[in-house]
Amino acid sequence: MNLIEQIYDITFPKIIFFERKISIDHKNTILIGPPKSGKTYLIYDYLSNFNSTEYLYIDFDDYKNKKENIEKHLENFILNNNITVLVLENFKFDIKLPKVTNTIITTKMKFKLDNFSTIYLEPLDFEEYLLFDTKHQNISNSFNSFLKHGNLAEVIEYPENKKYQRNYEICKLYCEDKVELEILFLLIKSSSEKKSIFQLFNSLKKVTKISKDRFYDTVKKYERNRVIYFCQKYEQPKAVKKIFVFNHALIDEVSYTKNFNSLFKTMIFLELNRIYKEVFYLDNTDFYI
């Protein structure tokens with residue numbers, strides 16, 4: 001039995017699905033988004049429309065799934081088993097895509113393919129959070145939890161005393177090494193502030209050995225995957241932009257000093273950013289639509 005046959009035999013556990021405002025509705029889709037925003041959850045929901053014999057799900061972040069072995073057998077396996085849906089999680093576009101009716105891809109890379117739709121999936125907004133939060137009995141308690149612990153569905157189910165730790169672990173999971181983690185923490189600390197990338201690089205360079213190219217490339221990757229956002233000053237595209245992070249609760253993860261002002265502004269920005277095509281700021285106005 002080759003590796004792909006072993007992957008194919010794995011059965012998914014049954015999951016209770018809560019409806020998101022975004023769903024996969026194109027047969028060829030690339031999913032991009034910050035860590036634990038629900039990309040895999042959305043894929044499981046999509047796969048529930050098919051028989052388990054019709055799809056093949058491969059996660060390239062799984063150590064057991066060796067790229068060379070998969071590349072060697074993938075195309076023949078799809079043909080021999082009439083696979084109609086191929087899911088490639090954490091795909092790096094370093095093997096040839098086989099011909100298949102439906103292909104769903106998650107990636108951290110910037111990549112465009114003909115006949116593919118791209119979904120930028122963000123964590124829960126507050127309306128979605130209310131659906132996922134089955135523990136609290138009223139909207140006030142749910143809002144307090146949302147404000148304190150953030151917008152990741154997974155964290156809702158964690159015990160109260162482990163929610164902060166899980167948010168921290170999710171940051172580490174997303175970063176390839178300690179340098180990337182330092183960059184992410186610096187960006188989180190700067191959330192809701194006006195800072196240039198050059199300022200941030202100089203700040204980090206004083207405490208960590210890092211090249212300018214590495215720093216700028218990592219920031220671009222985070223922006224592309226909506227781990228961070230840049231909010232432009234209205235009608236002044238060359239002015240310094242405000243930085244915002246994908247999960248407001250992370251701001252309290254990176255410092256013992258609580259910063260409610262930054263946390264609240266970040267939470268509001270994330271909600272506005274979902275509703276409006278463009279969000280700006282002004283000198284005396286936090287957000288301008």
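Bear in mind the structure is a predicted one, so any value in this text is a computation, not a measurement. Hydrogens, waters and symmetry mates are skipped; everything else that's a heavy atom, side chains included, is used. We're numbering straight along the sequence, starting at 1.
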- Checking side chain to side chain donor-acceptor pair (under 3.5 Å) for the pair N90/D59: CA distance, chi angles, key distance, verdict? CA-CA 6 Å; N90 302 296; D59 184 358; 2.7 Å; yes
- Does K258 count as lying over the ring of Y164, i.e. NZ or CZ under 6.0 Å from the six-ring centre, within 45 degrees of the axis?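 Yes.
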Residue pair [X] / [Y]: nearest heavy atoms and the distance that separates them:
| X | Y | result |
| --- | --- | --- |
| S142 | Y129 | O-CE2, 3.5 Å |
| K67 | I95 | CG-CG2, 3.6 Å |
| Q199 | K195 | OE1-CA, 3.4 Å |
| M109 | T107 | N-OG1, 3.0 Å |
| L121 | K39 | CD2-N, 3.4 Å |

- Task: Please name all residues satisfying ring pair (Phe, Tyr, Trp, His ring centres under 6.0 Å) with Y41, sequence neighbours left out, ordered by chain then number.
- Result: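 Ring pair (Phe, Tyr, Trp, His ring centres under 6.0 Å) list for Y41, sorted by chain: F17, F132.
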Flag if over 12 foreign heavy atoms under 6.0 Å of [atom1], [X]:
| X | atom1 | answer |
| --- | --- | --- |
| K233 | NZ | yes |
| K96 | NZ | no |
| F198 | CZ | no |
| F287 | CZ | yes |
| K27 | NZ | no |
| I139 | CD1 | no |

- Message: Rounded to the nearest 0.5 Å, what separates atom CD in E127 from atom CZ in R20?
- Response: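 Answer for the CD-CZ pair, E127 versus R20, is 12.0 Å.
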Run the salt-bridge test on [X] and [Y] with the 4.0 Å N-O cut-off and return the result as yes or no.
| X | Y | answer |
| --- | --- | --- |
| K64 | D62 | yes |
| K148 | D252 | no |
| E75 | K99 | no |
| K66 | E68 | no |
| R214 | D177 | yes |
| D286 | K242 | yes |

Answer yes if the side chains of [X] and [Y] hold a donor-acceptor pair under 3.5 Å, and no otherwise.
| X | Y | answer |
| --- | --- | --- |
| E122 | S37 | no |
| S191 | T266 | yes |
| Y46 | N102 | yes |
| E223 | Y229 | no |
| T40 | E89 | yes |

Tabulate below the donor-acceptor pairs under 3.5 Å that side-chain atoms of residues 149-163 make, not counting sequence neighbours, or state none.
| residue | atom | partner | partner atom | Å |
| --- | --- | --- | --- | --- |
| H149 | NE2 | E160 | OE2 | 2.8 |
| N151 | ND2 | F246 | O | 2.9 |
| E154 | OE2 | R166 | NE | 2.3 |
| E154 | OE2 | R166 | NH2 | 2.8 |
| Y158 | OH | R166 | NE | 3.3 |
| K163 | NZ | V155 | O | 2.9 |
| K163 | NZ | I156 | O | 2.9 |
| K163 | NZ | Y158 | O | 3.1 |

Do the rings of [X] and [Y] sit parallel, tilted or perpendicular, given the 30° and 60° boundaries?
| X | Y | answer |
| --- | --- | --- |
| F146 | F126 | tilted |
| F60 | F91 | tilted |
| Y222 | Y174 | tilted |

- Task: List for me each residue that meets salt bridge (Lys or Arg N to Asp or Glu O under 4.0 Å) alongside E235, sequence neighbours excluded, and say none if there are none.
- Result: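 Testing E235 for salt bridge (Lys or Arg N to Asp or Glu O under 4.0 Å), a comparison that skips the adjacent residues, returns none.
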Quick check on the hydrophobic clustering: are [X] and [Y] connected, directly or via other members, by side-chain heavy-atom contacts under 4.5 Å?
| X | Y | value |
| --- | --- | --- |
| L173 | I32 | no |
| F260 | V254 | yes |
| M267 | I275 | yes |

- Message: In this structure, is the centre-to-centre distance between the rings of Y281 and Y234 below 6.0 Å?
- Response: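 No, they do not, as the ring centres are separated by 6.0 Å or more.
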